[in-house]
Amino acid sequence: MNSQMLNGSFVALITPYNEDLSVNYDKIKELVEWHIEKGTDGIVALGTTAESPALSSEEQEKIVETVISQVNGRIPVVVGAGSNNTLVSVEKCLKFQSMGADALLVITPYYNKTNKAGMVNHFRTIADAVDVPIILYNVPGRTGCALTYDVVKELAPHEKVIAVKEASGDMSFMVQIARLIDDNFTVVSGNDDITVPIMSMGGTGVISVLANAVPTETHEMVQAYLDGNVDKARQYQCDYLAFTNALFIETNPIPIKEAMNMMGMNVGGYRMPLYPMSEPDKEVLKGTMEELGLI
């Protein structure tokens, strides 16, 4: 897998649960098939949207096994394998690599954090250990620490580092790292509300929460931009903005799972500490979905 294979809409797949909050592996298979049918370009398992911190190691491995087996090579599978413990992240990366992951999504070392040299060393240690590409994941709103331009500049030439998932929402930072984009290194949006703006600076796609509910439309928005139809891509971005914003009115993935359940997809609830949406927020979400004809 190289950076060009990240072109398109990669869904940040939710983790469906049964009524007893055990993982619904049959539903995962169903969702994978639905995404392939609807045009999703790639699957991201064990991302933030998958509630990965609430999953046991055994559950994580079985989810990855289920996704990779069901995809069966038809589209790329990226697996979240990050940790704030560098050696644990290496172990996870090697495990998921051995299971057939096409690429690995690796988050910044949250909570304990580090300095610039430590950040570079964290990612370089992981990249040196694996045989498949890694995607740097920048989401400071979750982690309390951010990638900097200098860190990305040092890491981008590494043959295993193919992209940044940029989810800071900082377009000025996006403009900075856009200078590093080349045939071997790209940027993908990690914010559904600014996918097209990020692509206007050289980004090649999105790792998307929105695509869990509207995979075809998310794919078409990204593909339209890649095809040079900026007006069509912009229209999709604008048309789905209210719904996108509602999907983040509470902590992700609470609203997207609520939306999917409203659509009759029966993906179950959440594991604590996540909790069902408040009724006022649920009404906001419902209203945006009704406007789009989703319910």
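Every heavy atom of this structure was used, including side-chain atoms; hydrogens, water molecules and symmetry mates were not. Keep in mind it's a predicted model, so treat the numbers as computed, not measured.
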Do [X] and [Y] get their side chains close enough for a donor-acceptor pair, meaning under 3.5 Å?
X: Y137; Y: T48; answer: yes
X: T195; Y: Q237; answer: no
X: N252; Y: T49; answer: yes

Heavy-atom pair of closest approach, residues [X] and [Y]:
X: V222; Y: S9; value: CG1-N, 4.3 Å
X: A101; Y: V132; value: O-CG1, 3.8 Å
X: M171; Y: I194; value: SD-CD1, 4.0 Å
X: A167; Y: N191; value: CA-OD1, 2.8 Å
X: G82; Y: S89; value: CA-OG, 3.6 Å
X: L31; Y: L13; value: CB-CD1, 4.3 Å

Does H158 form a side-chain hydrogen bond (donor to acceptor under 3.5 Å, both in side chains) with D128? I'd like the steps, not just the answer. CA-CA 9 Å; H158 195 292; D128 286 345; 2.7 Å; yes
From [atom1] ([X]) to [atom2] ([Y]), nearest 0.5 Å:
X: I28; Y: T66; atom1: CD1; atom2: OG1; answer: 5.5 Å
X: Q4; Y: D183; atom1: CD; atom2: CG; answer: 6.0 Å
X: L136; Y: H122; atom1: CG; atom2: NE2; answer: 9.5 Å
X: I126; Y: C93; atom1: CD1; atom2: SG; answer: 5.5 Å
X: I295; Y: E290; atom1: CD1; atom2: CD; answer: 4.5 Å
X: N112; Y: N85; atom1: CG; atom2: CG; answer: 8.0 Å

Has [X] got a side-chain atom pairing as donor or acceptor with [Y]'s backbone, closer than 3.5 angstrom?
X: K165; Y: I135; answer: no
X: E250; Y: S278; answer: yes
X: K29; Y: Q70; answer: no
X: T148; Y: K116; answer: no
X: D227; Y: N229; answer: no

Between K286 and E258, does the salt bridge (Lys or Arg N to Asp or Glu O under 4.0 Å) criterion hold? Intermediate values first, please. CA-CA 9 Å; K286 183 179 178 182; E258 189 68 47; over 6 Å; no
Less than 4.5 Å apart, any side-chain heavy atom of [X] and any of [Y]?
X: Y17; Y: E51; value: yes
X: P76; Y: F10; value: yes
X: P140; Y: N138; value: yes

Neighbour count above 12 (heavy atom, 6.0 Å) for Y275 OH: no
Could you tell me whether [X] and [Y] have a side-chain N and a carboxylate O separated by less than 4.0 Å?
X: K232; Y: E220; value: no
X: E65; Y: K62; value: no
X: K153; Y: D150; value: no
X: R271; Y: E59; value: yes

Show your working on salt bridge (Lys or Arg N to Asp or Glu O under 4.0 Å) between R74 and E33 and close with a plain yes or no. CA-CA 10 Å; R74 290 175 288 174; E33 284 302 315; 2.4 Å; yes
Side-chain polar contacts of residues 201-216 - donor-acceptor pairs under 3.5 angstrom, sequence neighbours left out - could you list them?
{"residue": "T204", "atom": "OG1", "partner": "T186", "partner atom": "OG1", "Å": "3.0"}
{"residue": "S208", "atom": "OG", "partner": "D192", "partner atom": "OD1", "Å": "2.7"}
{"residue": "S208", "atom": "OG", "partner": "L210", "partner atom": "N", "Å": "3.1"}
{"residue": "S208", "atom": "OG", "partner": "A211", "partner atom": "N", "Å": "2.8"}
{"residue": "N212", "atom": "OD1", "partner": "I14", "partner atom": "N", "Å": "3.3"}
{"residue": "N212", "atom": "ND2", "partner": "A12", "partner atom": "O", "Å": "2.9"}
{"residue": "N212", "atom": "ND2", "partner": "V209", "partner atom": "O", "Å": "3.1"}
{"residue": "T216", "atom": "OG1", "partner": "K38", "partner atom": "O", "Å": "2.8"}

Using side-chain hydrogen bond (donor to acceptor under 3.5 Å, both in side chains), reason through H35 and T40 one step at a time and then give a plain yes or no. CA-CA 5 Å; H35 276 290; T40 293; 2.9 Å; yes
